[in-house]
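Structure record follows, encoded as structure tokens.
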Amino acid sequence: MRKDGIFIAVEVDDGVAADGAIAAKLAEVCPVDIFAAAAGAVEIVEKNLDECVLCRLCLDAVPDGVRVLKLYEDGAAL
Ligand code: SF4
């Protein structure tokens, strides 16, 4: 799953997105609510994408399966 804002895109691998525990963890760590846990799965909250503060907390919480892409740097991964 991938969603794009203007400056930031977030990708979550399908196997990770369907994991309720990971969804809850991502929803908890992101300070600007880019992730929500909906029906036991990860939801990317599109309207909040460009609020990303590049804190890497989501990447630290889920090292494999989540990517934050900087669209303003040609899509470079955070
Ligand atoms: S880097 Fe920080 S602000 Fe950006 S999506 Fe991850 S947890 Fe949220």
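Order of appearance sets the numbers: ligands from 1, and atoms from 1 within every ligand. Position 1 is the first residue of the sequence; numbering continues from there.
- Applying the 4.0 Å criterion to heavy atoms of I34 picks out, from ligand 1, the atoms 5 (S).
- Interface of V32 with ligand 1, defined as ligand atoms under 4.0 Å from a residue heavy atom, comprises 3 (S).
- Nearest heavy-atom pair across L78 and K70 is CA-CE, 4.3 Å.
- The shortest non-hydrogen separation linking M1 to A17 is CE-CB, 3.6 Å.
- When all heavy atoms of L69 and A77 are compared, the pair lying nearest together is CD2-CA, 3.9 Å.
- At a cut-off of 2.8 Å, C55 coordinates atom 2 (Fe) of ligand 1 through an N, O or S atom.
- In terms of protein heavy-atom proximity, atom 4 (Fe) of ligand 1 is closest to C52 SG, 2.3 Å.
- Counting heavy atoms from C-beta on, the side chains of L49 and F7 never come closer than 4.5 Å.
- Smallest separation of non-hydrogen atoms from D33 and N48: O-ND2, 2.8 Å.
- Residue V53 places a heavy atom less than 4.0 Å from ligand 1.
- Interface atoms of ligand 1 facing C58, defined by a heavy-atom separation under 4.0 Å, are 1 (S), 5 (S), 6 (Fe), 7 (S).
- Heavy atoms of R56 found under 4.0 angstrom from ligand 1 belong exclusively to the backbone.
- Across every non-hydrogen atom of V66 and L26, the tightest pair is CG2-CD1, 4.1 Å.
- Among the atoms of C30, no N, O or S atom is found under 2.8 Å from atom 4 (Fe) of ligand 1.
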